[in-house]
Amino acid sequence: MFALVDGNNFYVSCERAFRPSLEGLPVVVLSNNDGCAIARSNEAKALGIKMGQPWFEIQHMQHQHGLVALSANFALYGDISDRMMSLAAGLGPTQEIYSIDESYIGGLDGIRDLTQRAGAVRERILQWVGIPCCIGIAETKTLAKLANHIAKDAERKPGSYPADLARICNLTEQPGERRRKLLQATAVADVWGVGRRIAAQLAEGGILTAWELTQLDAGTVRRRWSVVLERTVRELQGQSCIALEAAPAPKQTIACTRSFGRTVRELPPLLEAVSEFATRAAEKLRMQDGRAGQLQVFIHTSPHRPGPRFYRSTILPLQPTADTRRLVAAATAGLRAIYEPGHDLVKAGVMLLDITGPELGQAALPLDEPANRDHRRLMSAMDAINERFGKGTVHVASTGQTKSAKTWGMRQERRTPRYTTEISEVPLARA
DNA sequence: TCTGGGGTCCTAGGACCC
DNA sequence: TCTGGGGTCCTAGGACCC
């Protein structure tokens, strides 16, 4: 049995926790560069704002409907997430942190008063962290996700569901008839693992609800679609196919990519940007104690603008490494190889590929041991200094001198303070 | 004027091997 | 007239997730 604990409209809820005056207002959180809406309060959803909708399309709602838009404050969301996750863990013996706002809890069989217990955990998260969440409980992860969806829907639209399902929905307690009705009330597109494409194909075959999907034969689904959808069907039928993953698997690829605040044509700012992306990617790589065997760099113009497009990328083979200096050197060399003047570039990125554990990188360089050890010590020192004194305190020179001189940096005109992670931005309480 | 960022897994087809 | 069988590895593309 599994539970899924999921923060409601998570980024918006994080902002509201520190600015209660946002309660009841339509609020959206915008992506990097204040480009599009990536989180919406219920009030904003009610205005018809779609996930990922560009800001320029909804901007007018500020005056018309009192829409409030905030720049994404990921430092804040990450920290609030950690606090929420540690409380969610109290629900059962094992936990998988699935995303910034969701975690599965496993090993729940035999726990008495589970539904009540879930309610208590929900209360505690709300009181201690200030984040409202919903909890779904069921026999499989896919069903727990579906139960969570019901709990959220029932909270948002009281009256369309039995009142006791709002916020906490334990499917295992639902009598057969009621359970069937709940699955019939859930659109097939809302099932975890069913995206736009497959939902459309299912609709052609008359499969519109989660219930109808459970009625399909698993073997048929495998032949017509894939083993992936087959697994989803089996999970919906109550057969657990997706296990809880308590320890996060090391990443196979690590990316750092950004859209620019404005278009970039010249090479020097691009070199700066790409150096910084390679630096960030290298930090992530060292956090999992990995080595990259390949590095990819890309640049491109806007896919949304009419006219000729320019998209170019290259992959460079590496002696497996986690050394920022070598990764930055590879990234800038790659950029020089693909750069061509005269294009209004809007985005660049660095990806680390062919990632292996530490042992392989060392084995490949048996004679180089002492030097390798020195590289690692230097990188550890750099990471420790940057951890203590802030990102970029020590950096390679090619990432540029000062933040203010950046011509390519992102727009973030509406960011709230980093209330919990930056000492100068901690809110003051007045007596 | 203005559209995010970071991942995973599966499959089909080609190259290549014996 | 007539052309095997079985396997692995790699890549590109598609689909999905948040």
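Per chain, numbering begins at 1; letters A, B, ... match sequence-line order. Note that the coordinates shown come from a computational prediction; the quantities given were computed from them, not determined experimentally.
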Inset, instruction - Heavy atoms of chain A, cut-off under 4.0 Å: which first and last nucleotide of DNA chain B, 5' to 3', fall inside that, if you could look? - result: dC2(B) to dT11(B)
Legend entry - For His343(A), ring-ring contact (aromatic ring centres under 6.0 Å, His included) partners two or more places apart: Phe310(A)
Legend entry - DNA chain B contacts made by residues 193-228 of chain A, counting heavy atoms under 4.0 Å: Val227(A), Val228(A)
Legend entry - ring-ring contact (aromatic ring centres under 6.0 Å, His included) involving Phe56(A) - partner list, sequence neighbours excluded: none
Legend entry - Paired stretches of DNA chain B - 3 or more consecutive Watson-Crick or G-U pairs, each distance under 3.5 Å: B:5-18 with C:5-18
Legend entry - Residue pairs passing the ring pair (Phe, Tyr, Trp, His ring centres under 6.0 Å) test where at least one lies in residues 239-265 of chain A, sequence neighbours excluded: none
Inset, instruction - Return each pair, listed once, that meets salt bridge (charged side-chain N to carboxylate O under 4.0 Å, His left out) where at least one residue sits in residues 63-88 of chain A; pairs must be two or more places apart or across chains. - result: Asp79(A)-Arg83(A)
Inset, instruction - Hey, could you give me each pair passing salt bridge (charged side-chain N to carboxylate O under 4.0 Å, His left out) that has a residue in residues 244-265 of chain A? Not counting sequence neighbours. - result: Arg265(A)-Asp344(A)
Inset, instruction - Please list all pairs passing the salt bridge (charged side-chain N to carboxylate O under 4.0 Å, His left out) test where one or both residues lie in residues 117-136 of chain A, with sequence neighbours left out. - result: Arg122(A)-Glu155(A)
Inset, instruction - Name all pairs fulfilling the salt bridge (charged side-chain N to carboxylate O under 4.0 Å, His left out) condition that reach into residues 13-41 of chain A, sequence neighbours left out, sorted by first residue then second. - result: Arg16(A)-Glu23(A), Arg16(A)-Glu43(A)
Inset, instruction - Applying ring-ring contact (aromatic ring centres under 6.0 Å, His included), name anything that partners Phe2(A), two or more places apart in sequence or on another chain. - result: none
Legend entry - Residues in side-chain contact (heavy atoms from CB on, under 4.5 Å) contact with Ile242(A), at least two apart in sequence or another chain: Lys141(A), Thr142(A), Trp192(A), Arg231(A), Glu235(A)
